[in-house]
Amino acid sequence: MKALLLLLASCAFSTGCAVVGSKTPVGQEIVPLEAAKWDGLWVGVQGSAHLRVLDSEGGQMEAWNPQEEEANRFRFEVRSGQGWQFVNLRTDEAEEKWLWAPFVRHDGPDFAELVVYLPNSASFAEFIRTERLPGTIDGESVVLGPLQEAHLAVLTDPKNAWLYRLDGLLVLRRDHPPAATLPEE
């Protein structure tokens with residue numbers, strides 16, 4: 001279920017879609033995270049993941065599959081830009097490579113829900129070819145170059161919704177209070 005955790009950033013592996021990466025984290029500002037709103041078991045049709053805030057002011061959290069060893073953890077950074085929020089997963093420490101995806105969080109009285117939008121590599125490739133976004137194309141995958149505010153406006157413009165795979169949304173839900181508590185470190 002490692003794919004589910006990567007799905008939080010790009011869904012590249014579990015859906016068979018090509019990767020849309022970035023040379024830098026997507027988003028201009030780090031989003032402060034409240035542990036009470038994030039920590040716990042999040043469950044969806046595709047599987048489940050434990051989330052835990054590591055650094056609330058730094059927008060850092062980790063995720064792991066409850067069915068796998070806890071050593072298989074992924075560290076994420078949450079950023080915002082143009083009114084959207086993005087989850088970013090660094091995939092290569094030696095090189096600047098990030099997987100990313102925009103998400104929306106809905107908080108209800110009894111549960112919280114995350115909806116993660118998966119980038120559509122073919123659509124991003126077209127935007128790179130026509131120079132509306134910086135980046136490179138490698139087969140079916142693309143890597144975005146550094147994004148300026150104008151580029152974030154392109155990513156978040158409702159007219160460009162086809163940049164994301166609406167047929168493969170990731171939806172995760174957590175009950176209030178959390179249905180499962182996290183193991184102590």
Side-chain angles (χ1 to χ4, degrees), residues 1-17 19-20 25-91 98-120 152 155-158 160-185:
M1 198 49 72
K2 191 181 296 185
L4 175 66
L5 301 176
L6 290 174
L7 189 56
L8 290 171
S10 78
C11 192
F13 301 104
S14 67
T15 65
C17 60
V19 173
V20 177
V26 175
Q28 296 169 313
E29 297 182 25
I30 292 174
V31 175
L33 304 171
E34 293 180 47
K37 290 185 175 185
W38 289 97
D39 289 357
L41 179 64
W42 293 76
V43 180
V45 173
Q46 298 95 335
S48 59
H50 276 290
L51 298 181
R52 178 185 289 146
V53 172
L54 297 173
D55 177 0
S56 60
E57 292 304 310
Q60 301 285 318
M61 68 176 155
E62 65 180 349
W64 68 96
N65 182 313
Q67 309 302 320
E68 293 185 5
E69 295 181 31
E70 285 192 42
N72 294 328
R73 292 178 183 227
F74 298 89
R75 188 174 181 135
F76 294 90
E77 181 174 296
V78 179
R79 292 179 166 250
S80 65
Q82 296 289 321
W84 283 34
Q85 292 188 334
F86 303 90
V87 62
N88 293 275
L89 168 67
R90 189 174 195 158
T91 61
W98 298 79
L99 295 178
W100 64 277
F103 71 92
V104 176
R105 181 189 168 112
H106 302 284
D107 285 298
D110 299 323
F111 66 90
E113 185 175 72
L114 294 176
V115 179
V116 181
Y117 296 87
L118 311 173
N120 180 334
L152 284 175
L155 295 182
T156 59
D157 187 334
N160 297 330
W162 60 282
L163 284 171
Y164 304 98
R165 296 191 50 214
L166 301 179
D167 63 336
L169 298 175
L170 169 66
V171 180
L172 294 171
R173 182 177 167 157
R174 186 190 81 160
D175 292 332
H176 292 310
T181 58
L182 296 172
E184 292 297 320
E185 297 258 354

Chemist: Please report the interatomic distance NZ(K37) to CZ(R174), rounded to the nearest 0.5 Å.
Modeler: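 Taking NZ in K37 and CZ in R174, the distance rounds to 10.0 Å.
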Chemist: Measure the spacing between CZ of F86 and CZ of F103 and express it to the nearest 0.5 Å.
Modeler: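 Interatomic distance, F86 CZ to F103 CZ, rounded to 0.5 Å: 9.5 Å.
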Chemist: Please give me the minimum heavy-atom distance between R105 and A112, naming the atom from each residue.
Modeler: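 For R105 versus A112, the nearest heavy atoms are NH2-CB, 3.6 Å.
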Chemist: How are the rings of Y164 and W100 set relative to one another: parallel (under 30°), tilted (30 to 60°) or perpendicular (over 60°)?
Modeler: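 If you compare the ring of Y164 with that of W100, the planes turn out perpendicular.
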Chemist: Restricting to non-hydrogen atoms, name the atom on L155 and the atom on L163 that form the minimum distance, rounded to 0.1 Å.
Modeler: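 In this case the closest contact between L155 and L163 is CA-CD1, 4.3 Å.
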Chemist: Assess whether atom CD of E29 is packed by more than 12 heavy atoms of other residues, nucleotides or ligands within 6.0 Å.
Modeler: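 Atom CD in E29 is not packed in, count stays at 12 or less.
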Chemist: Check side chain to side chain donor-acceptor pair (under 3.5 Å) between W38 and all other residues, then give those that pass, not counting sequence neighbours.
Modeler: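 Once residues adjacent in sequence are excluded, W38 has no partner under the side chain to side chain donor-acceptor pair (under 3.5 Å) criterion.
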Chemist: Do the non-hydrogen side-chain atoms of V43 and D175 ever get within less than 4.5 Å of each other?
Modeler: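 Of all side-chain heavy-atom pairs linking D175 with V43, none is under 4.5 Å.
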Chemist: Could you walk me through whether V171 and E113 pass side chain to side chain contact (heavy atoms under 4.5 Å, CB included), step by step?
Modeler: CA-CA 7 Å; V171 180; E113 185 175 72; 3.6 Å; yes
Chemist: Rounded to the nearest 0.5 Å, what separation is found between the CD atom of Q60 and the CG atom of N88?
Modeler: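 One finds 9.5 Å between CD of Q60 and CG of N88.
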Chemist: Run the numbers on L118 and V116 for side chain to side chain contact (heavy atoms under 4.5 Å, CB included), then give the verdict.
Modeler: CA-CA 6 Å; L118 311 173; V116 181; 4.3 Å; yes
Chemist: Could you give the distance from CD (E62) to CZ (F76), rounded to the nearest 0.5 Å?
Modeler: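 So the CD of E62 and the CZ of F76 are separated by 10.0 Å.
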Chemist: With rounding to the nearest 0.5 angstrom, report the CG to CE distance, L54 to M61.
Modeler: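 These two atoms lie 9.5 Å from each other.
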Chemist: Once you round to the nearest 0.5 Å, how far does CZ of R75 lie from CG of D55?
Modeler: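 One gets 7.0 Å once the value is rounded to the nearest 0.5 Å.
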Chemist: Which pair of heavy atoms, one from A35 and one from V53, lies closest together, and at what distance?
Modeler: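 In this case the closest contact between A35 and V53 is CA-CG2, 3.7 Å.
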Chemist: Give the intermediate values and the outcome of side chain to side chain contact (heavy atoms under 4.5 Å, CB included) for residues L169 and Y117.
Modeler: CA-CA 5 Å; L169 298 175; Y117 296 87; 3.3 Å; yes
Chemist: Considering all heavy atoms of both residues, which atom of G58 and which atom of E77 are nearest to each other, and what is their separation?
Modeler: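 Where G58 meets E77 most closely, the heavy atoms are O-CG, 4.4 Å.
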Chemist: Which residue is it: L41, L114, L33, L172? I am looking for the one with a side chain to side chain contact (heavy atoms under 4.5 Å, CB included) to L51.
Modeler: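 Only one of L41, L114, L33, L172 forms a side chain to side chain contact (heavy atoms under 4.5 Å, CB included) with L51, namely L114.
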